[in-house]
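Please read these numbers as outputs of a predicted model, since none were measured by experiment. When reading the values below, keep in mind they use all heavy atoms of this one structure, side chains included, and skip hydrogens, waters and symmetry mates.
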Amino acid sequence: MRLLLPAALTGALTGPALAGELRVEVEIPRLNVAEYHRPYVAVWIEQPDQTAVATLSVWYDVALRNGEGTTWLKDMRQWWRRAGRAMEMPADGISGATRPPGRHATAYEASHPALSALVPGEYRLVVEAAREVGGRELVRIPFQWPPEAGQTLETTGSHELGAVVIHLNP
């Protein structure tokens, strides 16, 4: 019992280093076009030199037979070059179905493998969308990890993406 108490205190002292939360909201705008397909979307974190350090989400057509939906993942060119081609899809906890127009939120605790591996410093959240018979768009939001105070950062796409918002909580 004596040995457990110091171990418990050590865990309590290292806890704040893992504290924090990152919530991401991605808006997919409703487009008035003749042929509409839901966009493929990748959300990842990169360093200021654009080196990808973690992929948080990849939304694509996971329902196609024989993994055919992965064929068009490379249309998200920046994500594909920096992280996607090295990944095997579907990836547990990362890949999911495409989303309809609207606002979609995801949340990641500091204990999430993608965030727990980050060393303190500057990063960018990157969201890229590509749509069949449509366009491609990418937005970046710089942020500091771990967050020292609650913060909301936002940017807006111009055609394939609407508002992209990140909420950082210490």
Side-chain angles (χ1 to χ4, degrees), residues 20-46 50 52-85 87-116 118 123-147 149-170:
E21 177 192 41
L22 172 68
R23 288 187 295 127
V24 179
E25 294 177 20
V26 176
E27 180 181 28
I28 297 173
R30 180 170 304 280
L31 302 174
N32 189 14
V33 294
E35 185 177 346
Y36 180 79
H37 299 273
R38 292 180 178 182
Y40 281 24
V41 175
V43 180
W44 75 96
I45 297 172
E46 68 180 17
Q50 298 186 354
V53 292
T55 298
L56 298 175
S57 298
V58 179
W59 302 337
Y60 70 100
D61 195 345
V62 295
L64 290 177
R65 282 190 278 174
N66 301 322
E68 194 174 312
T70 60
T71 303
W72 294 281
L73 288 175
K74 60 185 86 134
D75 288 350
M76 296 182 289
R77 290 183 241 151
Q78 296 296 313
W79 171 76
W80 182 256
R81 289 184 196 137
R82 289 179 170 79
R85 63 182 166 198
M87 296 180 69
E88 188 169 324
M89 290 291 169
D92 190 33
I94 294 174
S95 55
T98 57
R99 309 289 168 93
R103 287 182 90 110
H104 305 280
T106 55
Y108 310 90
E109 295 289 330
S111 60
H112 186 278
L115 297 179
S116 66
L118 297 179
Y123 295 95
R124 294 180 187 157
L125 181 88
V126 186
V127 179
E128 183 174 20
R131 192 169 49 84
E132 183 181 355
V133 196
R136 184 184 75 80
E137 184 167 25
L138 179 139
V139 297
R140 289 185 165 91
I141 301 176
F143 68 97
Q144 193 78 28
W145 187 260
Q151 192 174 21
T152 298
L153 305 167
E154 180 174 358
T155 190
T156 304
S158 60
H159 50 283
E160 298 296 331
L161 291 168
V164 175
V165 182
I166 60 174
H167 303 276
L168 297 161
N169 293 312

Hey, are the side chains of I166 and L22 touching, using non-hydrogen atoms and a 4.5 Å cut-off? yes
State the OH-CG distance between Y36 and L31, to the nearest 0.5 angstrom. 5.5 Å
Here the gap from M87 atom CE to S95 atom OG, rounded to the nearest 0.5 Å, amounts to 7.5 Å
Working for side chain to side chain contact (heavy atoms under 4.5 Å, CB included), residues V24 and Y108: CA-CA 8 Å; V24 179; Y108 310 90; 4.1 Å; yes
Would you please name every residue forming a side-chain contact (heavy atoms from CB on, under 4.5 Å) with E88, sequence neighbours left out? none
Smallest separation among heavy atoms of F143 and L153, with atom names: CB-CD1, 3.8 Å
Report yes if the side chains of V126 and V43 come closer than 4.5 Å at any heavy-atom pair, otherwise no. no
Who pairs with H167 by side-chain contact (heavy atoms from CB on, under 4.5 Å), at least two apart in sequence or on another chain? R23, E25, T152, V165
Partner set under salt bridge (Lys or Arg N to Asp or Glu O under 4.0 Å) for R77, not counting sequence neighbours: none
Shortest non-hydrogen contact from A114 toward L56: CB-CD2, 3.6 Å
Please tell me if the side chains of Q144 and L168 come closer than 4.5 Å, counting only heavy atoms from C-beta onward. no
With side chains defined as the heavy atoms from C-beta onward, is the minimum distance between Q151 and N169 less than 4.5 Å? no
Taking every non-hydrogen atom, the tightest pair across M76 and A130: CG-CB, 3.9 Å
Between CH2 on residue W80 and CG on residue L73, distance to nearest 0.5 Å: 6.0 Å
For the student: nearest non-hydrogen atoms of G20 and W145, plus distance: C-CH2, 4.0 Å
On a heavy-atom basis, the closest approach of R85 and R81 is NH2-O, 3.5 Å
Contact summary for A129 and V41, nearest pair of heavy atoms: CB-CG2, 4.0 Å
Return each pair, listed once, that meets salt bridge (Lys or Arg N to Asp or Glu O under 4.0 Å) where at least one residue sits in residues 129-146; pairs must be two or more places apart or across chains. E46-R140, E128-R136, R131-E160
Side chain to side chain, R124 and I45, heavy atoms closer than 4.5 Å: no
Check: residues 59-72 side-chain donor-acceptor pairs under 3.5 Å, at least two apart:
| from | atom 1 | to | atom 2 | distance (Å) |
| --- | --- | --- | --- | --- |
| D61 | OD1 | A63 | N | 3.3 |
| T70 | OG1 | G67 | O | 2.6 |
| T71 | OG1 | E68 | O | 2.8 |

Taking the side chain as C-beta and beyond, is there a heavy-atom pair between I28 and P100 under 4.5 Å? no
Does CZ in R30 sit with more than 12 non-hydrogen atoms of other residues, nucleotides or ligands closer than 6.0 Å? no
Find out whether T156 and V164 are in side-chain contact, i.e. whether some heavy atom of one side chain is under 4.5 Å from a heavy atom of the other. no
Hey, does the side chain of E27 reach the backbone of G162 with a donor-acceptor pair shorter than 3.5 angstrom? no
Apply side-chain contact (heavy atoms from CB on, under 4.5 Å) to T98 and list each qualifying residue two or more places apart in sequence or on a separate chain. R38, Y40
Got a donor-acceptor contact below 3.5 angstrom from the R99 side chain to the A97 backbone? yes
If you measure from OG on S57 to CH2 on W79, what distance do you get to the nearest 0.5 Å? 11.0 Å
